[in-house]
Amino acid sequence: MARSVDWGDTDAAGHYHHSSVIRWVEAAENALHVELGLLDLFGTVPRVRYEVDYLDRLWFRDEVVTELWVESVGRTSLVYGFEVAGPRGPAARGRMVCVNVAARVGPASGEGSPAAPWPEEVRQRLAEAQTSGE
């Protein structure tokens with residue numbers, strides 16, 4: 001997914017802020033869900049782990065490409081790998097772990113939903129999208 005670094009993506013030092021990466025990754029995740037026909041996953045796969053190695057600075061108006069891939073699909077969880085590349089090459093690389101939940105959680109419930117197994121059709125589509133990202 002290609003885009004340019006917006007002014008709002010930068011911090012006081014003039015380069016991209018760490019929080020920009022998760023927004024770019026989630027946009028790429030949405031594009032993957034659209035491609036796989038899995039729009040119902042929105043709101044039912046909260047993140048439980050997110051890790052990033054920041055490799056290079058990105059500046060306002062730099063062109064960036066975010067790649068996201070399925071690393072693995074478990075019984076109730078999913079691991080995405082991702083890379084954000086700028087004009088000089090990789091700028092951020094990491095992983096994001098998501099868990100399927102049984103139902104959406106509302107603020108009035110006071111508690112979260114337990115992890116639930118992936119429906120077979122969803123698991124199959126995610127597994128078919130699985131790559132090494134290389």
Side-chain angles (χ1 to χ4, degrees):
M1 170 170 261
R3 66 177 309 128
S4 61
V5 177
D6 290 329
W7 181 250
D9 296 328
T10 64
D11 63 13
H15 56 80
Y16 74 118
H17 190 265
H18 70 90
S19 64
S20 300
V21 173
I22 187 66
R23 289 193 315 275
W24 299 337
V25 168
E26 288 180 334
E29 178 189 25
N30 181 61
L32 178 64
H33 289 175
V34 169
E35 180 183 324
L36 297 176
L38 296 174
L39 300 178
D40 290 342
L41 291 187
F42 179 77
T44 64
V45 286
R47 288 81 180 93
V48 296
R49 182 176 176 84
Y50 175 71
E51 60 186 60
V52 183
D53 293 321
Y54 296 94
L55 308 168
D56 192 14
R57 292 180 179 180
L58 296 170
W59 303 92
F60 176 53
R61 294 194 179 114
D62 275 352
E63 293 296 317
V64 297
V65 174
T66 303
E67 292 186 38
L68 177 108
W69 58 90
V70 175
E71 278 190 6
S72 63
V73 181
R75 189 177 73 79
T76 63
S77 65
L78 159 66
V79 179
Y80 289 116
F82 62 85
E83 182 175 275
V84 177
R88 293 166 302 282
R93 187 178 296 134
R95 299 170 77 216
M96 182 169 65
V97 180
C98 304
V99 174
N100 185 39
V101 294
R104 292 182 186 215
V105 181
S109 70
E111 57 186 65
S113 297
W118 295 108
E120 189 52 40
E121 181 180 344
V122 171
R123 188 179 197 303
Q124 183 176 357
R125 288 184 192 185
L126 290 169
E128 288 172 359
Q130 190 172 329
T131 68
S132 67
E134 309 257 340

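Just so we're clear, the structure is a prediction, and the values are computed from it rather than from any experiment. These values consider heavy atoms only, across backbone and side chains, with no hydrogens, waters or symmetry-generated copies.
- Listed here is the closest heavy atom pair of Met96 and Ile22: SD-CD1, 3.8 Å.
- When all heavy atoms are compared, the tightest approach of Ala115 to Val99 is CB-CG1, 3.5 Å.
- Put simply, the side chain of Gln124 does not reach to within 4.5 Å of the side chain of Trp118, judged on heavy atoms.
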Val70/Leu32 under side chain to side chain contact (heavy atoms under 4.5 Å, CB included): CA gap, chis, key distance, verdict: CA-CA 9 Å; Val70 175; Leu32 178 64; 4.0 Å; yes

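- Aromatic ring orientation, Trp24 versus Tyr16: parallel (interplanar angle below 30°, classes split at 30° and 60°).
- Residues Val48 and Val79 share a hydrophobic cluster, clusters being chains of Ile/Leu/Val/Met/Phe/Trp/Tyr side chains in contact below 4.5 Å.
- The aromatic rings of Phe82 and Tyr50 sit parallel, their planes meeting at an angle under 30°, below the 60° perpendicular limit.
- Of the inter-residue distances, the one linking His33 atom NE2 with Leu38 atom CG reads 6.5 Å to the nearest 0.5 angstrom.
- Using a 4.5 Å cut-off on side-chain heavy atoms (C-beta onward), Leu58 and Pro87 make contact.
- Shortest non-hydrogen contact noted between Gly8 and Arg23 is O-NH2, 4.2 Å.
- Here the straight-line distance linking atom CD of Glu29 with atom OG1 of Thr66 works out to 12.5 Å at 0.5 Å rounding.
- Around the CZ atom of Arg49, the shell of radius 6.0 Å holds no more than 12 heavy atoms that belong to other residues, nucleotides or ligands.
- A donor-acceptor pair is defined here as one N or O able to donate and one able to accept, closer than 3.5 Å; such a pair exists between the side chain of Arg125 and the backbone of Gly37.
- Comment: Arg57 does not engage Asp62 in a salt bridge, judged by the lack of any side-chain N to carboxylate O separation of less than 4.0 angstrom.
- Considering every non-hydrogen atom in both Ser4 and Arg61, the closest pair reads CB-O, 4.2 Å.
- In Glu51, the CD atom is crowded: over 12 heavy atoms of neighbouring residues, nucleotides or ligands sit closer than 6.0 Å.
- Connection of Met1 to Val21 is not established within any shared hydrophobic cluster, with ILVMFWY side chains joined at heavy-atom distances below 4.5 Å, either directly or through further cluster members.
- The heavy-atom pair separating His18 from Tyr54 by the smallest distance is CB-OH, 3.3 Å.
- The shortest distance between side-chain heavy atoms of Pro90 and Asp53 does not fall below 4.5 Å.
- By the rule that hydrophobic residues join a cluster once side-chain heavy atoms approach within less than 4.5 Å of another member, Val101 and Val97 end up as members of separate clusters.
- The side-chain heavy atoms of Asp40 and Val122, taken from C-beta on, include no pair separated by under 4.5 Å.
- Linking Ile, Leu, Val, Met, Phe, Trp and Tyr whenever their side-chain heavy atoms come within less than 4.5 Å puts Val45 and Tyr80 in one cluster.
- The shortest side-chain heavy-atom distance between Leu126 and Gln130 does not fall under the 4.5 Å cut-off.
- By the rule that hydrophobic residues join a cluster once side-chain heavy atoms approach within less than 4.5 Å of another member, Leu36 and Val25 end up as members of one cluster.
- The heavy-atom pair separating Gly74 from Arg123 by the smallest distance is O-NE, 3.7 Å.
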